[in-house]
Amino acid sequence: MLANDAHAAFVWGVLDRLLDEPNCNVSSVTASGFAAMQAAVFAYGLSVGGRRGARTALANFWRRVSHASMFAIDRTSLLRSMLEQSIDLKRIRDEDCPVKLDVVAVNARSDALKTFSCRQLSIDAIVAAATVPFLSAAVEIDGDFYWGDGDISQLPTAFSTGAPHGLMVTGKPSRCPDRSLASTHCATGCAAVHTIFDSQYRAAPPLLLRPWIDWGELTDIRDRGRQSAENWLAADLSRAHERPAFDCRTQYV
């Protein structure tokens, strides 16, 4: 599964709906933007309490987001505080964690994408992925500086998970892993990849840059994500293996 910032709580809704589906298992997540925070919370919740634990962890995290939005303090510090309250990084990095988590950030100096995984995964890396470029200071990691807005669709290896299906949750038009715009097939011959697209992604400013994030607004966005995931699950995915490669047109809004 691939997730970028989308409309923030929209990703929450997609994950929440997938947790309802007993035959749908998420084995790996590559995430960028604020979705990196949610992916970490999702992986941690699954590791400590299974599907119910993941659902509870995500709901508690978003309660913290709504509450934290009332305080006009440094956004990077706020992200770090919420994350540290929501996860135990050791559980996510443990080999027994049911979800392999990668987060993608952008090198603030070279503009190159950087994937943090396994032992490279840290609180700093996750916070960096969620940091809005130019609106907050980049996060220093091992002498380099990183922030968010990484386009995970530009990473060909992100799709090579061995899973029969890939799911991209995005607020931007999807690209094939060969960096070409949506087409019938891509050059890499990867597994069938479906896109859940948040058409209202650009309708709101980044989280925590507004004086108040209403809980009702967040749950409305969550429910929109749940419905989009429901549409995807209701489609005839059993025929996806008949397509020889990536079908970028399989999108659910």
Side-chain angles (χ1 to χ4, degrees), residues 1-66 82-103 117-118 121 123 126 129-130 152 158-159 161-170 191-198 215 218-238 240 252:
M1 180 177 181
L2 307 179
N4 73 359
D5 213 5
H7 203 151
F10 182 89
V11 176
W12 173 25
V14 171
L15 292 172
D16 194 66
R17 178 61 186 89
L18 295 182
L19 288 168
D20 285 342
E21 200 67 25
N23 295 324
C24 184
N25 296 306
V26 179
S27 59
S28 65
V29 179
T30 300
S32 67
F34 201 81
M37 303 271 288
Q38 298 180 76
V41 173
F42 174 73
Y44 171 71
L46 275 178
S47 71
V48 297
R51 292 172 184 264
R52 180 177 295 182
R55 179 175 286 107
T56 300
L58 284 167
N60 289 342
F61 170 74
W62 279 101
R63 287 285 186 186
R64 293 188 180 102
V65 171
S66 180
M82 288 190 299
L83 189 61
E84 290 175 342
Q85 293 176 56
S86 301
I87 68 169
D88 178 353
L89 190 65
K90 292 181 180 179
R91 296 298 297 259
I92 299 173
R93 292 170 56 172
D94 193 282
E95 292 183 359
D96 294 330
C97 184
V99 176
K100 179 183 181 298
L101 175 63
D102 296 335
V103 300
S117 59
C118 301
L121 197 62
I123 295 292
I126 299 169
I152 52 179
F159 294 91
T161 63
H165 299 286
L167 175 62
M168 178 181 290
V169 185
T170 179
V193 178
H194 309 267
T195 302
I196 295 180
F197 177 68
D198 181 14
W215 178 249
L218 290 175
T219 54
D220 284 347
I221 300 171
R222 176 203 63 192
D223 291 346
R224 192 170 72 245
R226 278 188 59 91
Q227 184 58 54
S228 293
E230 175 70 29
N231 295 342
W232 175 66
L233 290 166
D236 184 12
L237 300 182
S238 63
Y252 299 85

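Just so it is clear, the values below take in all heavy atoms, side chains as well, and ignore hydrogens, waters and symmetry mates.
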Quick check: do Asp198 and Arg224 have side-chain heavy atoms less than 4.5 Å from each other?
yes

Value rounded to 0.5 Å, distance of OG1 in Thr219 from CH2 in Trp62:
11.0 Å

Starting at OG of Ser86, measure out to CG of Leu58 and round the result to the nearest 0.5 Å.
9.5 Å

To the nearest 0.5 Å, atom CG of Asn25 lies from atom CG of Leu18 at 10.0 Å

Spatial distance of atom CG (Leu83) from atom CZ (Phe61) [nearest 0.5 Å]
7.0 Å

Is the shortest side-chain heavy-atom distance between Trp232 and Val14 below 4.5 Å?
no

Trp12 and Ile221, any side-chain heavy atoms less than 4.5 Å apart
no

Note, Ile87 side chain near Ile123 side chain (heavy atom, < 4.5 Å):
yes

Asn231 versus Gln227, side-chain donor and acceptor atoms under 3.5 Å
yes

Closest heavy-atom pair, Leu101 versus Ala40, reported as atoms and distance to 0.1 Å, is CD2-CA, 3.7 Å

Look up atom CG in Leu121 and atom SG in Cys97, then write down how far apart they are to the nearest 0.5 Å.
9.5 Å

Test your reading of the model: is there a side-chain donor-acceptor pair from Arg51 to the backbone of Asp20, 3.5 Å cut-off?
no

Presence of salt bridge, Glu21 and Arg17, under 4.0 angstrom:
yes

Closest contact, heavy atoms only, Ala54 versus Phe42:
CB-O, 3.9 Å

Do Leu46 and Leu19 pass the side-chain contact (heavy atoms from CB on, under 4.5 Å) test, and can you show the C-alpha distance, the side-chain angles, and the key distance before you say yes or no?
CA-CA 10 Å; Leu46 275 178; Leu19 288 168; 4.2 Å; yes

What's the spacing between Ser47 OG and Asp96 CG if we round to 0.5 Å?
10.0 Å

